[in-house]
Amino acid sequence: MRKGILSLLAVGVLATGGLTACGDDKSDSGSGDAGKKQKIGVILPDSKSSARWETADRKYLEAAFKAAGVDFDIQNAQGDKAAFQTIAEQMITGGVNVLMIVNLDSGTGKAVLDKAKSAGVATIDYDRLTLGGSASYYVSFDNTAVGKLQGEGLVKCLTDLKATKPIIAELNGSQTDNNATLFKAGYDGVLKAKYDAGEYVKGPDQWVPDWDNTQAGTIFEQMLTSTPNIAGVLAANDGLGNAAINALKKQGLNGKVPVTGQDATVQGLQNILNGDQCMTVYKAVKQEADAAAKLAIGLAKGEKGSTTQKVTDPEGKRDVDAVLLTPKSITKDNVKDVVDDGYVTVAELCTGDFAAKCTAAGIK
Ligand code: BGC
């Protein structure tokens, strides 16, 4: 517990000044930056809205911090906004000098970022931009591009099925997640052109609170009841897609109604191999975690990181230094790429009945 009483490096501290309240070990007796540890705190959002947070993000961040030999603490708020704030407060008083968050909504995200800032803790928005927030950096994918791939993927599947005037249902992510807004802007851009041309018919369109997969199932069943001839489903991630697929299965419509997804989860990829899901979007989380870890480690050591892009926070009306990575569309033809990239293993994906389907898809 008492490891690291003395900070290993007293040099290169943050230039932000005013570092206060190192209520950790003996450092509170010291004054100023010398007592500040180099420690990175990370708060992940939950483990239900997508498998990625625990299976990918945690793993890759942990590996990057360990490789750099930097002290870190990764916790998961499990979808609880109060817990999210408590974890942040404990990390700040516990002496992290960098805090990286995936917010549960912009309101609590902003409260946490502001608190960190006033304690002299540097901050990074990881994956989700906190609107009106104060993070020094934002690391994510080009989320509008993610949505565009989903829209284009659905169009391709409907074209392959020779669908005429298909009615499209949209299961959006959480309305409080800026990414969900960006995904929707991306796919609506593609679909609107089809609606306007009279080629597609706009059907039910709903946000799923907190990306909750169970609620998504209920919402989609209601959509199917009110609009039984839904012919295509734009689902914003694999979990929401799976909820729609389960409802379609009850009507014997799985595989006949294309469904999109995102995150290249094992479940999503298996749904693709089964022919029940038309596509997913693979975001190489390792790249995202590595980029964020690099910035965090730099900040922890008092260095200024380098970024290539800027995004505008529409609420705070400020430009945030950002790293935005490129997403990739995955269909049955290239599920293999996700395996080749090491994101999922053959052992996880090709279980039971999927063994033969993996072989057919060139995965071994
Ligand atoms: C992430 C997605 C994820 C979703 C639900 C979004 O902010 O970008 O990858 O599926 O949250 O956790």
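When a ligand or atom number is given, it counts from 1 through the structure's own listing order.
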Can K81 be said to sit on top of F84's aromatic six-ring, NZ or CZ under 6.0 Å from centre and within 45° of the ring axis?
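Cation-pi check for K81 and F84: fails.
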Look at ligand 1 and say whether F141 reaches it with a heavy atom at a distance under 4.0 Å.
no
Which option wins on minimum heavy-atom distance to atom 11 (O) of ligand 1: R52, K48, R128, K283?
R128
Could you pull out, from V146, V102, D177, L182, the option with a heavy atom nearest to atom 7 (O) of ligand 1?
D177
Count the heavy atoms belonging to other residues, nucleotides or ligands that lie under 6.0 Å from CG of D353, then report whether that count exceeds 12.
no
Taking heavy atoms and a distance under 4.0 Å, where does F183 meet ligand 1: side chain, backbone, both or neither?
side chain
Determine whether V190 and L154 make a side-chain contact, defined as any pair of heavy atoms from C-beta on separated by less than 4.5 Å.
no
Between D127 and ligand 1, is there a nitrogen or oxygen pair with a distance under 3.5 Å?
yes
Quick check: W53 and ligand 1, any N/O pair under 3.5 Å apart?
yes
Under a 4.0 Å N-O cut-off, is there an ion pair linking K192 with D188?
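No, K192 and D188 are not salt-bridged.
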With a 4.0 Å cut-off, would you call K184 and D205 a salt bridge?
yes
Provide the number and element of each atom of ligand 1 under 4.0 Å from a heavy atom of N237.
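Under 4.0 Å from N237, ligand 1 has these atoms: 5 (C), 10 (O).
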E315 and K110: CA distance, side-chain angles, deciding distance, salt bridge (charged side-chain N to carboxylate O under 4.0 Å, His left out) verdict:
CA-CA 11 Å; E315 215 164 287; K110 176 177 161 46; over 6 Å; no
When you measure from atom 10 (O) of ligand 1 to every protein heavy atom, which one gives the shortest distance, and what is it?
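Looking only at protein heavy atoms, the one closest to atom 10 (O) of ligand 1 is D263 OD2, 2.6 Å.
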Could you find the nearest protein heavy atom to atom 12 (O) of ligand 1 and give me its residue, atom name and distance?
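It is S49 OG, 2.6 Å.
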Is the ring pair Y200/Y195 parallel, tilted or perpendicular, if the boundaries are 30 and 60 degrees?
perpendicular
